[in-house]
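The structure under discussion appears below in the form of structure tokens.
Residue numbers run from 1 in the order of the sequence given. All values reported here derive from a predicted model rather than from experimental measurement.
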Amino acid sequence: MTLGQAIAAAGRLTTRDRELGTIRIYRSGDLYQIPLRDYLALPDFRQLVLLNGDAVFADTSYDLDRALVFHSDQIEVISLNRQAKGAVLAELE
């Protein structure tokens with residue numbers, strides 16, 4: 001799935017001020033930020049292929065702390081799921 005497809009599936013982006021909008025992608029421990037104006041102007045950003053485990057956060061302001069909390073929560077959920085799967089596999093063995 002591309003970033004553009006993911007955003008379309010989530011209901012598209014709406015903001016009054018394209019200068020303040022931002023898209024953040026959390027991938028493998030790194031946080032990437034794409035200004036909304038660049039996303040809309042450059043097709044390459046919309047064609048960016050998302051990887052399994054990527055978390056995407058879009059906002060109309062540069063609230064990095066809010067994005068980091070969101071992504072930290074996502075990482076915790078992924079970690080708990082992996083632990084649960086590991087426990088089930090260990091029990092099956």
Report task. Just do the side-chain contact (heavy atoms from CB on, under 4.5 Å) check on Ile25 and Leu31 with the steps written out, would you? Result -> CA-CA 6 Å; Ile25 301 171; Leu31 184 62; over 6 Å; no
Compare all side-chain heavy atoms of [X] with those of [Y] and state whether any distance is below 4.5 angstrom.
X     : Y     : result
Val49 : Leu3  : no
Tyr26 : Ile75 : yes
Leu48 : Thr2  : no

Donor-acceptor check, side chain of [X] to backbone of [Y], threshold 3.5 angstrom: yes or no?
X     : Y     : value
Gln47 : Asp44 : no
Asp54 : Leu51 : yes
Arg46 : Leu40 : yes

Query raised in the report: Do you reckon Ile78 sits in the same ILVMFWY cluster as Phe57, going by side-chain contacts under 4.5 Å, direct or chained?
Result: no
Query raised in the report: Can you name the closest pair of heavy atoms from Thr22 and Gln33 and give their distance?
Result: OG1-CG, 3.0 Å
Report summary line: So the ring-ring contact (aromatic ring centres under 6.0 Å, His included) pairs with at least one residue in residues 31-52 (sequence neighbours excluded) are none
Query raised in the report: Who passes side chain to side chain contact (heavy atoms under 4.5 Å, CB included) against Ala6, sequence neighbours left out?
Result: Met1, Leu50
